[in-house]
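Here's the structure, in structure tokens; my notes come after.
Below, chains carry the letters A, B, ... as their sequence lines are ordered, and counting in each starts from 1.
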Amino acid sequence: MIAVARHRGYALFGRLFAQGLTPDVHAALAQLPAVGDVLPTPSDTVAAAHHEALSLDVFPYASVFLEPAGTLGGATSAEVSQRYAQGGFHPSTASMEADHLALQLAYLAHLCAAEAQAVEDGVEAEPLVVLQRGFLGEHLLRWLPPLSVALTQQARHPLLARVGQLTLELAASHLSELGGDVPPTSLPEPALSLSDPDTRLKDVVGYLVSPARSGVYLSRSGIAEVAQQVQLPTGFGTRPRMLEQLLHTASDHHRQPELLGALASSVSRFREGLGAARELGVDVDAWVQRGSQTLRVLDEMKAALPG
Amino acid sequence: MSTTQRIADTLARLLGLPESSTARMPRPTEPTNVGGESMPTYGVDDARQVQMLQVDHPDGRMSRYPPPDRWDDWVEWESTAWPRKVARRYTLVPTICFNCESGCGLLAYVDKTTFEIRKLEGNPVHPGSRGRNCAKGPATHNQIYDPERILYPLKRVGKRGEGKWKQVTWEEALDDISAKMRESRKKRRDGIMYHVGRPGEDHYANRCIQAWGVDGHNSHTNVCSASSRTGYYLWAGFDRPSPDYAHAQTILLISSHLETGHYFNPHAQRIMEAKKKGATLITMDPRLSNTASKSDVWLPTWPGSEAWVLLAIANHLLQTDAWNRTFVRDWVDWRGFCRLAPEALSDEAVLSCLSEGEATFEQFEAALKTLYAPFTFERAAAEAQVPVERIRAAAEAVARSGTRLSTHNWRSASIGNRGGWQIVRALFLLNVLTGSIGTKGGTSGNSWNKFVPKPFAQPPAVDTWNELQLPLEWPFAHFEMSFLLPHLMEEGRGTVDVYFTRVYNPLWTNPDGFMWLDKLQDESLFGLHVALTPTWNETAWFADYVLPMGHSAERHDLMSQETHAGQWIGFRQPVRRVAMERAGKTVTHTWEANPGEVWEEAEFWVELSWRMDPDGSMGIRKWFESPVRPGEPISQDEYWSWIFDNSVPGLPEAAAAEELSPLAYMRKYGAFEVSRDRYTPYLAEVQGQADEQGRVHADGKVVGVVVDGTARVGFNTPTRKLELLSETLLSWGWDSQEHVVPWPLKSHVHPDHIDRDAGAMLLLPNFRLPTLIHTRSANAKWLYEISHDNPAWLNPVDAKRLGVSTGDLVRIETETGWFVDRVWVTEGITPGVVAISHHLGRWRLSETAGVNRFGSSLASLDGAGSERSLQVEHGAAAYDSADPDTARVWWNHVGVHQNLAHGVHPDPVSGAHCWLQRAIDVRRATPEERYGEVHVDLDKSMAVYREWKALTRSAAEHSPDGTRRPRWLKRPLKPTVAAYQLPPADAKTDA
């Protein structure tokens, strides 16, 4: 029965991330007390907020969080597709890339449904359990914790933040119950040297906007919030463009110390946010270490400021 | 609750939920055809990476279009699904826009699953529009899926205008109408009238009318271009200009071609090309139009004064010897000028330049310079009320343009003023003097750049004359006196048995609409009124039958327009039908592919005519028989196949090169370029015998003229040359200097006639809005969202005088009544002029039927004696329909129907309605006077009509040869020579 429940949970949360708060998704979520206090009524405004949260602020793709460049595609995406194929899951990628959270949850829903069917049919379900364990431990739970923190801290969408947290809890408990060894999370090397004379501002920006390198996810809204804290123009454009422009503007207005301080606060808060995953038994050490490393980078930058 | 408990609870509750389902887009397998009934749906295709291919064009214009070799099967992402990637598969079918006269190319994206139209974009292979469209083209989609469009034949029950209708079958409608046509035709040849607003094609309907053997073609031309056509025709034998804007050095417009006008989109893009290359743009307009705002020289001339400015420029060219003496010597009938001058001109100084006997060119030159010498910059500036420096700047720009002077006049001054045709004569004089006729960057004749193929058989000319259309008082009318139909009926001059209105809404469009309203309700005057229309309009409400006809993407038509120095044809086709045929489905009639029971007129006319002459005894049926299936009605494929096989030079060869039939080629591309760089057809050499005046005769006709020893085609005038002094006008009673040569005629809105001190103003109603389409836009909500109100433009000087500001109501009194509108205070209008666009002010008489609710006001009509009035109950409002957009209508005011209060002003020469009105009094409205209300006294209407009719010079008194009209002047369908003879009682006794 629990496989059926997980199947429905993953499917429901996946549909929310993919389609937004449609009437049927709303009806199902309304049955869950865990989200009742943040569940709005479906409307154009809610749909717009959904779009803003997942298409402008927090991009719910594994590659964005795990690839050094912080962009879509790459080995992560290929690996996910390979796992889908192993599980007999062949989703249409017409409307979203394979490593989108919604498809990953749909894959887990697929595996859980297959497991339930296998049990009902009295056939061997262990291979399906192995696939679930591998996908959760070796892939999804590597990036779901920072995504959950990003949704909570860097997007303005309480429902998605809550469901992101709920998804994390569901996945963590799922993996915990499946048991078995899970390899520790590893992340690519940060590779940023402030002492290198060839390091430019855009290299610093590239580092900061890559979650895998900096241990933090900075969304447009998050960058704008930092700018507002130090009373600088928020700017517009892509995340790297906004951040680079903000650093330039801080220089123009002699507010680099304040800006670096505000960025450090944001990184600290993000690092602290990861503690919730740790409490669920998820390994987030690599992410915390990256965050600490970034705080040191920001300190170095601050120390290097003239005067 | 702990995390563990929360997950446990969530999982438990999830078990209680019903099984989740995966929502999928429905994939219909058959044509759905929902136009007018619900919003279309489209199929979802398998994901496939789609690349828009780069299409390079020599002029560097926008270049991302689907290439034609991919039109049969085109996949692209659904834009509204973004950021999801939803692939749709289309077949792309070209057609022609019908939302103005330009004939721009459209490309319909027809869904290959549902055969619904997803969108309409530009056709990149169309030679005129070159892939570009204005807002009106894509809005065709709106009109097709308009939830209020008419989908079934309707027949009136109850009294006309009562608003009660029943749905009838096409069989019933066709049988009834054809029987009445047969009955009328057996009695008379002027009892059937086809009254067309926008033809949208060049020959098909006219051929039908001619086949019926009646003089029944009536147009909208006399509320549109008649004055301008008259001016050009008297000069050169063509009735419209065709400027080669793209290569011009100077462009002189009495129009607003950058945003509206004939042919706005094709012309605007070429004007901008010239501007980018450094051309000077001069615009004469009392209104700061978009075009004026982009001009190098804006001349906000007082309406009617334009000829003064133009002749001052002409005088500048002459006095500074900046004119093309060679061209004038070769191509102007200067000998005729010298010969006729003593009879026609009153200026002794001019006449003294000419010796008795045969004059020399040098004498003509001296006479010409003397004739126009009084037109100084200073005098023109005083008449036009513009700074003299601007006129000088314009003159210098014209002078330096040489043969690269492009000029145009459309509506505006020509159709606004009494004597507007002389403004056009003065404008074209600048082309004549600069020799910029048929030159690169110059101005050609429309007939040189428009191509109308001949059909497989042409019925003979009719031997009759319909005096309700061309009465004797206006022998130069260009064309029918359409807007006077109710006034002529009021005088007891005739009746109509069967009256077709097609894309025509005279009650709303024409001046003096209450006169139309009265007469349309009288069944003794209009025996049967059949409205052919895709959508409701004010006039259709008073019809007996309302027959739904297809929009531009639902019909066949062939079009050509003079958009540039080349010739093309554009094939309007029913895109669903073509898409279904491409998919292997059999479609015999277009209505099978159209929504509801919407027909196309091309098939309607065949079916109607067939039934009108059921046994062929009337000689009508044979013109509608298939050339390949004797005894059977012709199909559209057969009709157009014959034309494309036989009447379009180069098309069969171009089609063969792609292993296509000519029809298949046109179905694929939607357009064909017949010729390019076509400038000088008048120089073509001809064979024949020359007479003593140099005119060349062949087969009993004048076919050319000898110039420098070579016989050439020349112009289509009696002399085959450009006629500076019109002998035709001279001999038909218009024998004064101010008429026979380009000269200012005093407009009915000359400052002498507008007592501004007493509160009078000039009412300027004849300007278009860029996104509207006369009477046809109220079914396009996208367009109405952009423009839906027609406030009264007032200069701050006038606003201050009246004590009003933007948003206040003003009461505007005309010669026949008054109406109330809101004020918009702007520097963009000349002081003394109140300007209100004629595009808006639609109304309906029923809350839920009539003109679309987002584009019309609910109105009530009232009247007693000669008084008539219209009251607005409420404006537009949001409402629920099959289209969710109608619930989002946020505007309320949809304008004022000012035309109701316009008296008719038939120009005594051209017959054109002179649209400018004398606003006798303009003042702040009282609290009792409500927005949109209109009051008219029909006695005053008839008094104004009679006042203008008294200005005419009737053929009965002035015809020099016992005919009704100079035969060389144009008519859409010329009757036989015998029909031109005056009726015996009117013939001159000395003939």
Return all side-chain donor-acceptor pairs below 3.5 angstrom for residues 107-116 of chain A, not counting sequence neighbours, or 'none' if the list is empty.
| residue | atom | partner | partner atom | Å |
| --- | --- | --- | --- | --- |
| A:Tyr107 | OH | A:Arg83 | O | 2.9 |
| A:His110 | NE2 | A:Gly87 | O | 2.8 |
| A:Glu115 | OE1 | A:Gln132 | NE2 | 2.9 |

Which pairs of donor and acceptor atoms, one on a side chain in residues 26-40 of chain A, lie under 3.5 Å apart (sequence neighbours left out)?
| residue | atom | partner | partner atom | Å |
| --- | --- | --- | --- | --- |
| A:His26 | NE2 | A:Pro40 | O | 3.3 |
| A:Asp37 | OD1 | A:Arg162 | NH1 | 2.8 |
| A:Asp37 | OD2 | A:Arg162 | NH2 | 3.2 |

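By the neighbour-count criterion of 12 heavy atoms within 6.0 Å, atom CZ of B:Arg118 is densely surrounded, having more than that number from other residues, nucleotides or ligands.
Residues of residues 165-177 of chain A having a heavy atom under 4.5 Å from any heavy atom of chain B, listed by number: A:Gln165, A:Leu166, A:Glu169, A:Leu170, A:Ser173.
Legend: residues meeting side chain to side chain contact (heavy atoms under 4.5 Å, CB included) with A:Arg220, ordered by chain and number and at least two apart, are A:Leu56, A:Asp57, A:Phe59, A:Arg239, A:Met242.
If you take CZ on A:Arg6 and CG on B:Leu14, they are separated by 11.5 Å, rounding to the nearest 0.5 Å.
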